[in-house]
Every structure is written in structure tokens, then in C-alpha cells.
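The sequence lines fix the lettering, A, B, ..., with proteins before strands; numbering per chain opens at 1. FYI, side chains are in, hydrogens and waters are out, and symmetry mates aren't considered; it's all heavy atoms of this structure. All of these numbers come straight from a predicted model, not from anything done at the bench.
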Amino acid sequence: MSKFWRQRVLEALSLLVGLLFIAPLIWLLLGAFKAPDQLFFGPLIPNSWEWENFVEAWNSAPLGRFLLNTLLIAGFTTLLVVLTSSLAAFAFARMDFPYKPALFLLALATLMIPADVLLIPNFLTIRNFGWYNTYWALIIPFAASAFGIFLLRNAFMQTPKELDDSAKLDGATPLTFLFRILMPVNAPAISALSVLTFLASWNALVWPFIATNRDEYRTIQVGLAMFNNIEGATDIPVVLAATFISVAPMLLVYLLAQKWFIESAASSGLKG
Amino acid sequence: MEVARTFGKARPVAKFSGVGRFLDVLPYLLPALLVFTVFEYYPLLRVIYLSFTDADLLRAPNWVGLENYQQIFTRREFHNSLVVTTIFAVSVTLLLVGLGMALAFLMNVKTRFQSFLRGAIFAPTVVSVTASALIWLHMMNPNGGPLNAILQALGFEGVRWLAHPQTALASVILIAVWMGVGLSAVIFLAGLQGIPRELEEAARVDGASPWQAATRITIPLLAPTTMVVFFLALMGTFRSYGLILVLNTDGGPVGSTNLLGWYIYQNAFQFFQMGYASALSVVLLLLLLFLAWVQFKATEGRVHYQ
């Protein structure tokens with residue numbers, strides 16, 4: 001096969017495979033605009049665009065509230081993870097203290113304990129704390145991350161030590177050094193951690209499902225799953241509209257910062 | 001001059017790394033350690049304790065010794081669940097490795113659709129389990145859903161997908177692969193880009209076909225990445241069941257999608273058998289620790305990081 005044709009085949013294959021992967025998302029978007037009787041038996045491109053599906057989805061479940069809850073929970077979780085990880089990573093990367101290797105191993109050991117195994121005791125704990133149906137239950141258990149500590153410790157260790165000395169000369173306390181110099185210098189690692197934490201929190205399902213049962217505290221994922229149980233049998237396009245509303249924010253951010261997302265994820269695989 | 005020397009050399013500047021006392025470090029470590037203690041270490045001990053009790057949500061738990069564990073190994077549902085979970089985890093893992101590697105090769109080829117391809121393959125990764133499950137649930141509708149429409153247009157018969165015991169697990173596997181392969185492909189791509197191009201080119205110059213160059217040079221050199229993806233996928237799939245929660249298969253039809261994670265969830269939060277479910281959790285934990293140990297043994301000494 002000549003080089004020209006080889007290139008054409010690879011090109012066509014790339015296009016085809018790419019389309020195959022986003023086909024379900026395209027179907028979701030188109031389906032969200034269809035009338036119920038058109039979804040399965042009508043044309044692929046809707047002949048009348050039913051914007052009302054979105055209005056109906058928005059009105060028949062408190063999607064706005066769910067989205068706001070999720071935004072708050074994912075935002076605060078991310079903030080806390082970055083904070084607790086930076087503090088611990090700073091200590092592990094820059095300070096000497098007794099039992100340092102043992103404590104570091106103890107922190108990393110949490111990577112070996114899958115969250116699913118701890119579902120039952122953690123549920124009992126938040127019930128004892130009176131945290132059932134609160135934001136606390138959805139944020140605090142995830143406020144620290146061994147992966148975050150590991151990632152930032154590696155980044156901090158690679159930051160030249162001379163920075164410490166000059167900061168010390170300028171009279172900076174360790175905390176101002178951490179927040180004003182070490183963290184900004186390591187912005188790529190911190191933003192990778194942030195994007196992965198935010199994404200995981202936004203998409204979390206099982207724990208929010210268990211820890212809440214009132215609409216005021218439900219996240220979009222839980223709300224969506226419940227919504228399908230109610231509407232899924234009768235009006236699928238409305239469910240698709242709600243589903244689209246739930247994925248749109250993440251997809252939009254992804255479209256804008258695709259390369260960055262992919263690199264963050266690749267680093268998680270190599271290091272996690 | 002004199003001043004400069006004093007400033008620069010005579011009195012070495014104390015580094016932050018010189019902080020010696022434990023109390024000085026505590027404020028930095030405490031926030032993370034507190035969270036870990038309350039939500040990782042303590043619950044780990046508690047789940048082990050609960051597994052020896054008859055805990056439910058109402059009464060104080062009574063010690064029952066090994067009864068829950070005896071239950072586990074005599075109940076048919078557990079055996080079935082273990083088989084289903086193994087089939088699911090192994091299939092998904094092999095697909096994530098094989099397909100992920102193949103896609104990474106394609107993503108590494110310079111074409112005018114290269115960045116489109118990369119973006120498209122990774123896109124499902126940012127879609128939540130809930131949304132993925134709902135999209136596929138309705139695409140797999142046996143009565144006129146688009147997947148059956150395509151099959152029928154190609155001259156095949158429609159499939160019952162999630163509604164039939166023989167196809168339900170395969171359907172869940174398909175969804176899990178769609179959701180997960182983007183990440184493994186991207187990790188493979190990073191691995192591919194870490195291999196010096198000259199090695200493959202040298203082989204080509206020596207007369208190797210592209211296929212030979214890939215199978216004899218590139219894929220063996222990818223071994224460390226393959227190992228990472230393999231175990232990441234295996235451990236991830238052994239405990240995934242979010243899909244089952246949303247797909248509402250209830251582990252069925254006839255137990256065909258009764259993944260271990262779902263079985264635990266069901267016993268704990270639908271039947272409120274916290275003791276029994278805790279014992280199941282401990283079994284799952286031991287299973288995952290065993291896999292981690294195998295990974296450690298497999299990687300030890302065999303994989304060379306350049």
C-alpha cells in the first residue's frame with residue numbers, strides 16, 4: 001500500500017473511531033430535543049426541536065438546586081483537598097521530624113483501602129455525628145487525599161531548595177512561603193489535583209446516594225438517578241434533557257481545556 | 001565586602017527543613033491525618049469488628065463470631081456474585097488493556113483528525129456514571145432503541161440487552177468499557193510518547209514491517225505502562241457497581257449482573273444486614289489486597305523504568 005493511501009486509511013479510521021466514541025453523546029443531545037414518539041421511530045435529526053423538554057425537566061425536578069449543591073460540594077471538597085494536601089506535602093517534602101517515613105506510609109496506606117469497603121462504618125459515623133442529610137457528610141470525608149499528598153510532595157521536592165533560603169532571608173514564615181511561593185510555583189501540579197478532585201466529586205454517586213435522602217442536599221447525580229426512576233418509563237426525552245443538563249457543565253469545561261484534562265488524567269494513571 | 005561575607009557564608013541560613021520537633025510539624029499534618037483517622041483508619045477497624053456481629057441499623061450489635069463468614073461461603077448468591085464479578089472484572093480489564101493500547105497507537109498517528117480522535121476517546125471519561133448509565137440504558141431499549149435499530153438495519157435480530165440474563169452482563173461490560181477506555185488509552189499514549197522513536201525507526205530500516213516493529217519493539221517496551229493499566233483497571237472494576245445502581249437491574253435478571261459491590265450495597269442498605277455486609281466488605285478488601293500483592297510481586301524486578 002502506498003504511503004498516500006496508508007495515510008488516507010488512518011485518517012478515515014481516526015474519524016470513524018472518534019465518531020463512534022461520541023455517538024452516544026450526540027444521540028443524547030438529539031434525543032433531548034425529540035417528542036417521545038419520535039425518539040425511537042423518528043429520524044435521527046429531530047424534525048421539530050422540542051425545547052419544552054428542557055423546560056419540563058427543569059420544572060419537574062429541582063435540577064437547579066441539585067446543580068448548586070453539587071457545585072458547592074465539589075468546590076469546597078477541592079479547596080479542602082488542595083489545602084490539606086499542600087500542608088502535609090510541605091511537611092513531608094521540606095521538614096525533618098521523627099517517624100516521618102512511617103507517617104508517610106500511613107498516609108499512603110489509605111490508597112489501599114477502597115472507599116466501598118468503608119461504606120457501612122462511614123455511614124454509621126455520619127449518622128452518629130448527626131450529619132445525615134447535611135453538606136458535611138458529602139464534603140468532610142473527602143477533605144484529604146493520599147494521592148494529593150503524594151503528588152504535591154513529589155512536586156515540592158523537585159522545587160529548588162534555594163527558594164527556601166531566599167524566602168527565609170526575606171523573613172517569610174513557613175506558611176507564607178508555602179502559600180506565596182511554593183504553591184504558585186507548583187501551579188501545574190495543584191491544578192491537576194484540583195481538576196481530578198472536582199471531577200470525581202461532581203460525578204460521585206454511591207456515597208451521596210447513601211448519605212442524603214432529601215432534595216435540599218441531593219447532588220445532581222443522585223437527583224438524576226431518581227428522576228429517571230420517576231420519568232424514565234413515560235417520557236424518555238425529558239430524562240435525556242435532564243441528563244444533558246447534568247453533563248453539559250463538565251463537557252463544556254472539557255471542550256475548553258481538553259489538553260489539560262487529558263494530561264492531568266494521564267499523570268494520575270502513572271502516579272496513582 | 002565584609003558584610004556580604006557574613007551574610008552569605010558565616011552564618012548558614014536555617015532552612016525550613018531544619019525544623020526538628022514534632023509539635024512544630026503537627027499543624028501541617030493534622031488536618032489530613034484527622035480526616036484519615038476518622039474516615040479511613042477507624043472505619044477500617046470498625047468494619048472488621050462489625051463483620052463479627054449481627055449489626056443492623058436499629059439494635060446494638062451482638063458478637064456472633066465467624067457466623068457471617070460461614071454464611072458467605074454457604075450462600076449461593078455469593079458464589080454467583082463472585083463468578084459474575086470475576087467475569088466482569090477480567091473482561092473489562094482485558095478490553096481496557098487491549099483496546100486502550102490499540103487506540104493509543106491510533107491516537108499517536110499524525111492525521112488531520114488526531115486531536116479530534118484524542119478528544120473524542122477521552123470525552124466519556126468526564127461523563128458521570130449516572131449519565132453514562134442513563135444514556136446507554138435508553139440506547140439499549142429492546143423495543144426500538146438505536147442499538148437494535150442499527151442491528152436490524154444490518155440484517156441481525158434485535159437483542160434484549162439488559163433485560164435478558166444472557167446478554168445483561170455483556171451489556172454492562174460494554175458500558176464500562178466505553179466509560180473507561182479513554183483513560184487507559186491516554187495512559188498508554190503517554191507511555192508510547194516516552195519510548196524513543198529511533199528504536200522503532202532503526203527496526204524499520206533493518207527491514208521490519210510496521211507490525212513487527214510494534215510487536216517486537218514497541219509493545220515490549222510498553223510493559224511498565226501495560227502493568228499499570230492492567231492493575232489500575234482490575235482493581236477498579238472489582239469494586240465498581242455504580243452502573244448497577246442506576247441501571248436498576250437489581251443485580252438481575254436472575255443474578256446475572258450481581259456484582260460484589262452491588263451485593264454488599266444491597267445487603268447493607270436494602271436488607272440492613274450490616275454485619276453480613278461488613279463481612280462481605282472484608283472479603284472484598286482481602287481480595288483487593290491480594291491483587292495489590294500480586295501486582296507488587298509481578299512488578300518487582302521485572303519492569304525497568306528508564
Side-chain angles (χ1 to χ4, degrees), chain A residues 10-11 13-15 17-18 21-22 24-25 27-28 40-41 84 87-88 90-91 94-98 107 110 112-114 116-122 125 141 143-144 149 164-165 168-169 174 199 203 205-206 210 221 224-225 228 236 239 243 246-247 250-251 254 258 262 265-266 269-270, chain B residues 13 15-17 19-20 22 25 28-29 31-32 35-36 39-40 43-44 46-47 50 106 109 111-114 116-117 119-131 134-135 138-139 144-146 183 186-187 190 228 232 239 242 245-246 261 268-269 274 277-278 281 284-285 288 292:
Chain A
L10 287 170
E11 224 170 73
L13 197 63
S14 298
L15 180 65
V17 171
F21 269 87
I22 53 169
L25 298 176
W27 183 79
L28 169 71
F40 289 155
F41 302 105
T84 59
L87 286 170
F90 182 45
R94 283 294 203 263
M95 298 172 187
D96 287 321
F97 51 91
T110 60
M112 303 298 301
I113 317 170
D116 314 80
V117 169
L118 305 180
L119 228 44
I120 295 165
N122 280 342
T125 300
I149 295 175
D164 304 36
D165 302 340
K168 189 80 183 177
L169 276 181
L199 187 65
N203 287 345
L205 170 68
V206 176
I210 292 171
Q221 307 304 337
L224 186 62
N228 179 62
I236 301 173
V239 173
T243 308
S246 85
V247 296
M250 280 295 129
L251 280 180
Y254 173 63
Q258 198 195 96
I262 293 180
L270 293 175
Chain B
V13 178
K15 288 181 183 171
F16 295 133
S17 55
V19 182
F22 202 74
V25 196
Y28 295 90
L29 297 179
V35 174
F36 288 157
F39 294 105
E40 302 270 356
L44 182 65
R46 191 172 186 186
V47 78
L50 286 172
L106 189 61
V109 176
T111 69
R112 103 179 82 146
F113 298 116
Q114 188 181 34
F116 164 72
L117 179 72
I121 288 177
F122 194 74
T125 311
V126 299
V127 178
S128 68
V129 177
T130 317
L134 291 185
I135 297 168
H138 295 301
M139 289 208 308
L183 183 60
V186 161
I187 297 173
V228 168
L232 209 64
R239 56 196 177 88
L245 198 72
V246 188
F269 297 101
M274 294 289 177
S278 295
S281 303
L284 176 62
L285 178 69
L288 290 166

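- Contact of A:T110 with chain B is made through backbone and side chain together, with heavy-atom distances under 4.5 Å.
- Only the side chain of A:V239 comes within contact range of chain B, with at least one heavy atom under 4.5 Å from a heavy atom of that chain.
- For B:L245, the part sitting under 4.5 Å from any heavy atom of chain A is the side chain, from C-beta outward, and nothing else.
- If you measure heavy-atom distances from B:V109 to chain A, the contacts under 4.5 Å come from the side chain alone.
- Within the 4.5 angstrom heavy-atom criterion, only side-chain atoms of A:Q258, from C-beta onward, approach chain B.
- Contact count against chain A (heavy-atom pairs under 4.5 Å) is highest for B:S281 among B:S281, B:A268, B:P124.
- Residue with the most contacts toward chain B among A:L15, A:I113, A:V206: A:L15 (heavy-atom pairs, distance under 4.5 Å).
- Contact of A:L199 with chain B is made through the side chain alone, with heavy-atom distances under 4.5 Å.
- Proximity to chain B involves both the backbone and the side chain of A:L13, based on heavy atoms less than 4.5 angstrom apart.
- The candidate from A:L25, A:T243, A:I210 with the greatest count of non-hydrogen atom pairs under 4.5 Å with chain B is A:I210.
- Looking at A:I236, the atoms closer than 4.5 Å to chain B (heavy atoms on both sides) all sit in the side chain, from C-beta outward.
- Proximity to chain B is limited to the side chain of A:L205, based on heavy atoms less than 4.5 angstrom apart.
- Evaluation of the side chain to side chain donor-acceptor pair (under 3.5 Å) rule for B:S278 yields no partner, not counting sequence neighbours.
- Note: B:G145 leads B:A277, B:A292, B:G242, B:G145 in heavy-atom pairs under 4.5 Å with chain A.
- With chain A as partner, the option from B:V127, B:V129, B:L284 having the largest number of non-hydrogen pairs under 4.5 angstrom is B:V127.
- Both the backbone and the side chain of B:L44 come within less than 4.5 Å of a heavy atom in chain A.
- Contacts of B:F122 with chain A are made by both backbone and side-chain atoms, with heavy-atom separations under 4.5 Å.
- Side-chain atoms of B:S128 and A:Q221 include a donor-acceptor pair closer than 3.5 Å.
- Partners of A:N228 according to the side chain to side chain donor-acceptor pair (under 3.5 Å) rule, which considers only residues two or more places apart in sequence or in another chain, are B:H138.
- If you measure heavy-atom distances from A:V17 to chain B, the contacts under 4.5 Å come from both the backbone and the side chain.
- Both the backbone and the side chain of A:I262 come within contact range of chain B, each with at least one heavy atom under 4.5 Å from a heavy atom of that chain.
- Interface residue B:L288: only side-chain heavy atoms are found under 4.5 Å from chain A.
- Proximity to chain B (any heavy atom under 4.5 Å) is restricted, for A:L28, to the side chain, taken from C-beta onward.
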